[in-house]
Amino acid sequence: MLPAEEQFRILADAAVEIVPEEEFRAKLERSVRTGTPLRVKLGCDPSRPDLHLGHAVVLHKLRQFQELGHQAILIIGDFTATIGDPSGRSATRPQLTLEETRQNAQTYVEQARKVLLPERLSVRFNSEWLEELRFRELLTIAAQCTVAQMLEREDFWLRYSRGEPIGLHEFLYPLAQAMDSVAIRADVELGGTDQRFNLLMGRHLQRFYGQEPQCLLLMPLLEGTDGVEKMSKSLGNYIALTDPPNEMFGKLMSIPDSLIVRYYRLAAFASEAEAQQLEQQLQQGQLHPRDAKAMVARKIVEWYYGPEAAERAAEEFDRVFRHRLLPSELPEHCFPGDVQELPLVDILVATGLVPSRSEARRQIQQGAVRVDGKPIQDAYARIELSDAHVIAVGKRRVVRIRRANHGTAG
RNA sequence: GGGCAGGUACCGAAGCGGUCAAACGGGGCAGACUGUAAAUCUGCUGGCGGAACGCCUUCGGAGGUUCGAAUCCUCCCCUGCCCA
């Protein structure tokens, strides 16, 4: 085991805050002295099965704990997801059934393993202890917190003062999550800065149950591809860990320049020194932002798919967007062999490039539709199907169409 | 339980008997510009329709009044506030 001070340096890296810092140092020191790994908790919400780069920030931190020999405990909030986490939300989350969340949890763990080490990882479902909780005990727990304290939480307060509904059960969410810390006797809990309140509640309840309170390690929230809001699935500004390399690369290239260094640091896991160097090169104009971004994008894709895939993704990106060539691989759509020609509008709908015929007409009239590279603005154009064609709507939606041979349907 | 204010398209928010598929903003999509972007400018943004102020579906739900309703009436459901 590395000396405590060294560990602290690694673990504090990129963290926004450690609460309380001295306690955390003390825990590390004791861990080294007694040879006991720390139990490090990360709770996750399986109501949304897709993990994205924002989650990876925290997952990577958990991995660092693993690398230092500590015990990672991933809590799958299958039970809490049935409450619906109100964190950072202005609206009540939809409640899922236990069944649904279990299914999500499956893929969730698989995705988390892309970042975590397989060893020193334990996965626990919080329904294990929350399901059994008696009403009497719930009362005891709930009595540990006042309504005023709950309302201190920014999102609750915001909704309250806006006159928006807050379900009573939502107040129970932080408590439930805190009970997880009690159940697994967490030494440290990781989370994004938006989780501060919930994690603090863990300390609170642990103390009540006579346990040594956990320390909090809060990581920054990564902005999404829009560059403004934090990355989240519901805002649609996320890059999923399961996005294929090309898509991941493409999305990364679409982030605003102002985020290059931040992504380098938080998503490509670059060190402080590396990040500073990059920032300097950008500021002094030694490095073109485009190249910097491509470098970062490559690093990130590499992390999930390896250097070869990253290389290919970068090349493909240049090919399609820089040089405006066709993608090397196009999805294909086959029309029945007996069809001679079709209105372009119908083709756009049939291939799924566009959701409705009205939309197809609009896109055509706006000059967004190209057939074999030639813009077509005639909404009534018909396309011969004897030869294969490449149909494009905008830059991103491209399909190759052809007719099936010898009248073979489909 | 009582009183009041609300429920409008993806979101926010106008509309309050016809000219409403519904102003405006955001978001999204597309075009121009670029470094792939971002920013900016422009257009589009329910469906069907070879055109149309044509038809269909939409303004919490169900009925009703009317030639005609998002707009009026009745009942119901949901939300917030105040009182109990």
For this session: Give a yes/no on whether any side-chain N or O of A:Ser356 is located under 4.0 angstrom from OP1 or OP2 of B:rC48.
Result: yes
Exercise. Looking only at atom C1', what distance separates B:rC77 and B:rG68, rounded to whole Å?
Worked result: 28 Å
Exercise. If we call it a pair only when both distances are under 3.5 Å in a Watson-Crick or G-U wobble match, what pairs with B:rC29?
Worked result: B:rG43
Problem set entry | Euclidean distance, atom CD of residue A:Gln363 to atom P of B:rC29 [Å, nearest integer] | 10 Å
Exercise. Between B:rC59 and B:rA22, how far is it from one C1' atom to the other, in whole Å?
Worked result: 8 Å
Seminar exercise, completed: Note: contacts of residues 239-251 of chain A with RNA chain B (heavy atom, under 4.0 Å) are none
For this session: Please work out which of the three classes, parallel, tilted or perpendicular, describes the rings of A:Trp303 and A:Phe269, given edges at 30° and 60°.
Result: perpendicular
Problem set entry | Base B:rG35 paired with A:Asp291 side chain (donor-acceptor, <3.5 Å) | no
For this session: To the nearest Å, give me how far apart CG (A:Leu282) and C1' (B:rA37) are.
Result: 14 Å
Exercise. Between A:Asp318 and A:Arg290, does at least one N-O distance fall below 4.0 Å, as a salt bridge requires?
Worked result: yes
Problem set entry | Pairwise P distance, B:rG61 and B:rU66 [rounded to whole Å] | 23 Å
For this session: Would you jot down, in residue-number order, the residues of residues 312-324 of chain A having a non-hydrogen atom under 4.0 Å from RNA chain B?
Result: A:Phe317, A:Phe321, A:Arg322, A:Arg324
Exercise. Charged N to carboxylate O below 4.0 Å: is that the case for A:Arg9 and A:Glu6?
Worked result: yes
Exercise. Does a side-chain N or O from A:Arg162 land closer than 4.0 Å to OP1 or OP2 of B:rG12, or not?
Worked result: no
Problem set entry | Contact list for RNA chain B against residues 345-354 of chain A - heavy-atom distance below 4.0 Å | none
Exercise. Distance between the P atoms of B:rC29 and B:rU79, in whole angstroms?
Worked result: 34 Å
For this session: May I ask you to decide whether A:Arg153 forms a salt bridge with A:Glu170, counting only side-chain N to carboxylate O separations under 4.0 Å?
Result: no
Problem set entry | Polar side-chain atom of A:Gln66 near backbone of A:Glu119 as donor-acceptor pair, under 3.5 Å | yes
Problem set entry | Contact list for RNA chain B against residues 370-380 of chain A - heavy-atom distance below 4.0 Å | A:Tyr380
Exercise. Is the number of heavy atoms from other residues, nucleotides or ligands within 6.0 Å of CD (A:Glu131) greater than 12?
Worked result: yes
Problem set entry | Distance, nearest 0.5 Å, that separates CG of A:Asp346 from CD of A:Glu341 | 11.0 Å
Problem set entry | Electrostatic pair A:Glu22-A:Arg25, nearest N-O below 4.0 angstrom | yes
Exercise. Can you tell me how far P in B:rC24 sits from the matching atom in B:rC16, rounded to whole Å?
Worked result: 16 Å
Exercise. In the strands shown, is B:rU74 matched to any nucleotide by a Watson-Crick or G-U wobble pair with both distances under 3.5 Å, and which?
Worked result: B:rA62
Exercise. Can you check whether A:Ala240's main-chain N or O pairs, donor with acceptor, with A:Asp243's side chain at less than 3.5 Å?
Worked result: yes
For this session: Look at A:Arg290 and B:rU34 and indicate whether a side-chain polar atom (N or O) is within less than 4.0 Å of OP1 or OP2.
Result: no
Exercise. Mapping A:Gly367 and A:Leu252 onto RNA chain B by nearest heavy atom, which one lands closer to the 5' end?
Worked result: A:Gly367
For this session: Nearest whole angstrom, please: distance from the C1' of B:rG6 to the CD of A:Glu164.
Result: 13 Å
For this session: Can you tell me the pairing partner of B:rC4 across any strand shown, Watson-Crick or G-U wobble, with both distances under 3.5 angstrom?
Result: B:rG80
For this session: Return yes if the base of B:rG31 and the side-chain atoms of A:Gln366 contain a donor-acceptor N/O pair under 3.5 Å, otherwise no.
Result: no
Seminar exercise, completed: Here the ring-ring contact (aromatic ring centres under 6.0 Å, His included) pairs for residues 189-214 of chain A, sequence neighbours left out, are none
Exercise. Which comes earlier along RNA chain B counting from the 5' end, the contact point of A:Arg397 or that of A:His288, where each point is its nearest nucleotide?
Worked result: A:Arg397
For this session: Rounded to whole angstrom, note down the P distance from B:rC55 over to B:rG2.
Result: 45 Å
Exercise. With the threshold set at 4.0 Å, does a side-chain nitrogen-carboxylate oxygen contact exist between A:Lys299 and A:Glu302?
Worked result: no
Problem set entry | Residues in side-chain contact (heavy atoms from CB on, under 4.5 Å) contact with A:Ala142, at least two apart in sequence or another chain | A:Leu175
Exercise. If you count the non-hydrogen atoms of other residues, nucleotides and ligands that lie under 6.0 Å from CZ in A:Arg396, is the total more than 12?
Worked result: no
Problem set entry | Among B:rC29, B:rC81, B:rG47, the one nearest A:Ser358 by side-chain distance | B:rG47
Problem set entry | salt_bridge(A:Arg185, A:Glu212) N-O dist < 4.0 Å | no
Problem set entry | N or O in side chain of A:Arg361 less than 4.0 angstrom from B:rC44 OP1/OP2 | no
Problem set entry | Interatomic distance, A:Ile364 CD1 vs B:rG49 P [rounded to whole Å] | 13 Å
Problem set entry | Side chains of A:Leu218 and A:Leu199 in contact at under 4.5 Å (non-hydrogen atoms) | yes
Exercise. Out of B:rA37, B:rC48, B:rC29, which nucleotide sits closest to the side chain of A:Lys293?
Worked result: B:rA37
For this session: Can you tell me the distance, in whole Å, between the NZ atom of A:Lys395 and the P atom of B:rG35?
Result: 13 Å
Problem set entry | Residues, nucleotides or ligands: over 12 heavy atoms within 6.0 Å of A:Glu329 CD | no
Exercise. Between A:Lys27 and A:Glu23, does at least one N-O distance fall below 4.0 Å, as a salt bridge requires?
Worked result: no
Exercise. Can you tell me how far P in B:rU74 sits from the matching atom in B:rU58, rounded to whole Å?
Worked result: 23 Å
Exercise. Below 4.0 angstrom from OP1 or OP2 of B:rU36, is there any side-chain N or O of A:Ser254?
Worked result: no
Exercise. P atom, B:rA32 versus B:rA51: distance in rounded Å?
Worked result: 26 Å
For this session: Rounded off to whole Å, could you give me the CZ-to-P distance for the A:Arg159 and B:rU79 pair?
Result: 13 Å
Exercise. Nearest-Å distance, CE (A:Met253) to P (B:rA38)?
Worked result: 12 Å
Problem set entry | Whole-Å distance separating the CG atom of A:Asp257 from the P atom of B:rU36 | 12 Å
